[in-house]
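Every heavy atom of this structure was used, including side-chain atoms; hydrogens, water molecules and symmetry mates were not.
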Amino acid sequence: MAGGFSVSGYGPERGSWSKLFARDSVTRRLDWPLLLAAVALSLIGSALVYSATRNRTELVGDDPYSYLVKHVLNVGIGLALMIVTVWLGHRTLRTVVPILYGVSVFLVLLVLTPLGATINGAHAWINVAGLSLQPSEFVKVTIILGMAMLLAARVDAGDRDHPDHRTVVQALGLAAVPIMITMLMPDLGSVMVMAMIVLGVLLASGASNRWVFGLLGAGAAGAVAVWQLGLLDDYQIARFAAFANPALDPAGVGYNTNQARIAIGSGGLTGAGLGNGSQTTGQFVPEQQTDFIFTVAGEELGFIGAGLILVLLGVVLWRACRIARETTELYGTIVAAGIIAWFAFQSFENVGMTLGIMPVAGLPLPFVSYGGTSMFAVWIAVGLLQSIRVQRPMSA
């Protein structure tokens, strides 16, 4: 491709920033509906974060714009990480997956040291120089890249038409290490997302369906064993109990879900208007800027505004599915499929827990919720999707 990056790959050694933005190269091949939908979600999230935090003096002090500024900064850093990811390319990153995987496992292990911090019941964070980092968000990315590297190696080389059993075992072992560490924190929400990523990756890889059904059976058996052996913390058991019976403790463990339903239900068709929601202004819903941000949309933007968020998330998933279908290499297909499974399940779980159809699991809404680490991770994932599209053959 004259005047730009070649189809076969690109990176710092093959191009420059000017080539990245050249009219006849990368920008013409980007998936703009995907990018614009993700940016729109982040902008809507900025407004919702501001509305949810402006009156919370214990969070923002004397500056009602504090969380808004931080959120916009997180989005800006996320966009920069996406650009760097596209510039490097998913194929270049494939060559350093072992390093990325090792760093991510090291970071989740740090959570179990004195550097670890507990936030909202989950000991899933590390504090460094006053900054909080949730390593499990980056693990989602490295599980996808690591499993894709193993499962696609011999297929893309032309040696096989699908991964053999030994390769599948190796890929599952790679994913099991960070998942087990994350379970020890415990961060059950992230473990659920990682499990869905593993299933999505296996389905896209062409591995035998026996592995998928076997994992589903093992997962069900493992969940029963965890419950029976008492490996869950009390707050996690209480969340599942409240999900099964919302009237069990409406003033205690069921409080969040009940208040979330009230907030969303009071919004009606068009909502009370940004900043005018009584539930949001009165701070009746805890963690509204993070896990329960969809309640702000439901109350203040109404069915139309909340529906717009779901439509935009649908656009992101639709374009990701198209990228997965159009790429000609199994590695790219698997990476895209893992991201699809991640975004789809996490979005469904986040919205579902605010509506009471899913248990509370402490997962942010992709692109919308406040949180630096989660914002960085989802934009890196968008960068991987864009790289897969950019590097596909022109005829695809």
Side-chain angles (χ1 to χ4, degrees), residues 37-54 56 59-60 65-79 81-82 119-122 124-125 131-138 140-141 187-190 192-193 256-257 259-260 263-264 274 277 279-280 283 285-301 305-314 316-317 339 342-355 358-382:
V39 170
L41 285 168
S42 295
L43 292 176
I44 293 173
S46 299
L48 299 180
V49 167
Y50 170 68
S51 182
T53 59
R54 62 191 178 90
R56 298 193 60 179
L59 292 178
V60 300
Y65 298 99
S66 174
Y67 267 60
L68 172 61
V69 171
K70 293 176 183 177
H71 185 79
V72 172
L73 179 61
N74 289 336
V75 174
I77 295 173
L79 284 166
L81 290 173
M82 181 205 72
I119 299 178
N120 298 328
W125 304 76
L131 299 176
S132 296
L133 183 72
Q134 189 176 11
S136 58
E137 293 292 336
F138 296 131
K140 297 170 186 176
V141 177
D187 184 0
L188 189 58
S190 293
M192 293 166 61
V193 176
N256 288 20
T257 302
Q259 293 299 321
I264 294 175
L274 195 65
Q279 290 289 109
T280 300
Q283 303 174 27
V285 184
E287 307 302 330
Q288 259 191 308
Q289 75 277 13
T290 53
D291 300 344
F292 285 88
I293 198 165
F294 192 73
T295 64
V296 186
E299 181 181 27
E300 300 189 345
L301 304 181
L308 175 61
I309 291 176
L310 296 181
V311 169
L312 290 172
L313 287 168
V316 171
L317 293 173
I339 294 171
W342 167 12
F343 286 2
F345 178 78
Q346 189 160 316
S347 298
F348 178 76
E349 165 61 32
N350 179 276
V351 174
M353 73 182 187
T354 64
L355 299 176
M358 291 292 285
V360 176
L363 291 171
L365 186 60
F367 304 101
V368 182
S369 292
Y370 174 83
T373 316
S374 61
M375 186 66 72
F376 304 157
V378 295
W379 276 107
I380 290 172
V382 171

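- Note that CZ of R56 and CD of Q283 are 5.5 Å apart. Values are rounded to the nearest 0.5 Å.
- Residues that satisfy the side-chain contact (heavy atoms from CB on, under 4.5 Å) test with P135, not counting sequence neighbours, are L107, V108, V111, I126.
- Scanning both residues, A361 and M353, for their nearest heavy atoms gives N-SD, 3.7 Å.
- In this structure, CD1 on I44 lies 10.5 Å from CG on L365, to the nearest 0.5 angstrom.
- Here the OG-CG distance, from S347 to L312, works out to 11.5 Å after rounding to the nearest 0.5 Å.
- Between L363 atom CG and F348 atom CZ the span is 12.5 Å, to the nearest 0.5 Å.
- Scanning both residues, N74 and F376, for their nearest heavy atoms gives O-CE2, 3.5 Å.
- W342 and A381 make their closest contact through CZ3-CB, 3.7 Å (heavy atoms, listed as atom of the first residue, atom of the second, distance).
- L41 places a side-chain heavy atom less than 4.5 Å from the side chain of I309.
- For the atom pair I77 CD1 and M375 CE, the distance stands at 10.5 Å (nearest 0.5 Å).
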Give the C-alpha distance, both sets of side-chain angles, the deciding distance and a yes or no for side chain to side chain contact (heavy atoms under 4.5 Å, CB included) between D187 and Q134.
CA-CA 10 Å; D187 184 0; Q134 189 176 11; 3.3 Å; yes
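- In terms of the salt bridge (Lys or Arg N to Asp or Glu O under 4.0 Å) criterion, residue partners of E137 (sequence neighbours excluded) are, by chain and number, K140.
- Looking at E300, its side chain does come within 3.5 Å of a backbone N or O of G277 through a donor-acceptor pair.
- In terms of heavy atoms, N350 sits closest to P364 at ND2-C, 3.5 Å.
- Residue S46 comes nearest to V72 through the heavy atom pair OG-CG2, 3.9 Å, listed as atom of the first residue, atom of the second, then distance.
- Qualifying side chain to side chain donor-acceptor pair (under 3.5 Å) partners for S374, counting only residues two or more places apart in sequence or in other chains: none.
- Counting only heavy atoms from C-beta outward, the side chains of F343 and L317 approach each other to under 4.5 Å.
- A distance of 9.0 Å separates OG1 in T295 from CG in L48, rounded to the nearest 0.5 Å.
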Can T280 and E299 be said to form a side-chain hydrogen bond (donor to acceptor under 3.5 Å, both in side chains), step by step?
CA-CA 8 Å; T280 300; E299 181 181 27; 2.8 Å; yes
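- Between V368 and I293, the shortest heavy-atom distance links the atoms O-CD1, 3.5 Å.
- Side-chain atoms of Y50 and L274, non-hydrogen and from C-beta on, never get closer than 4.5 Å to each other.
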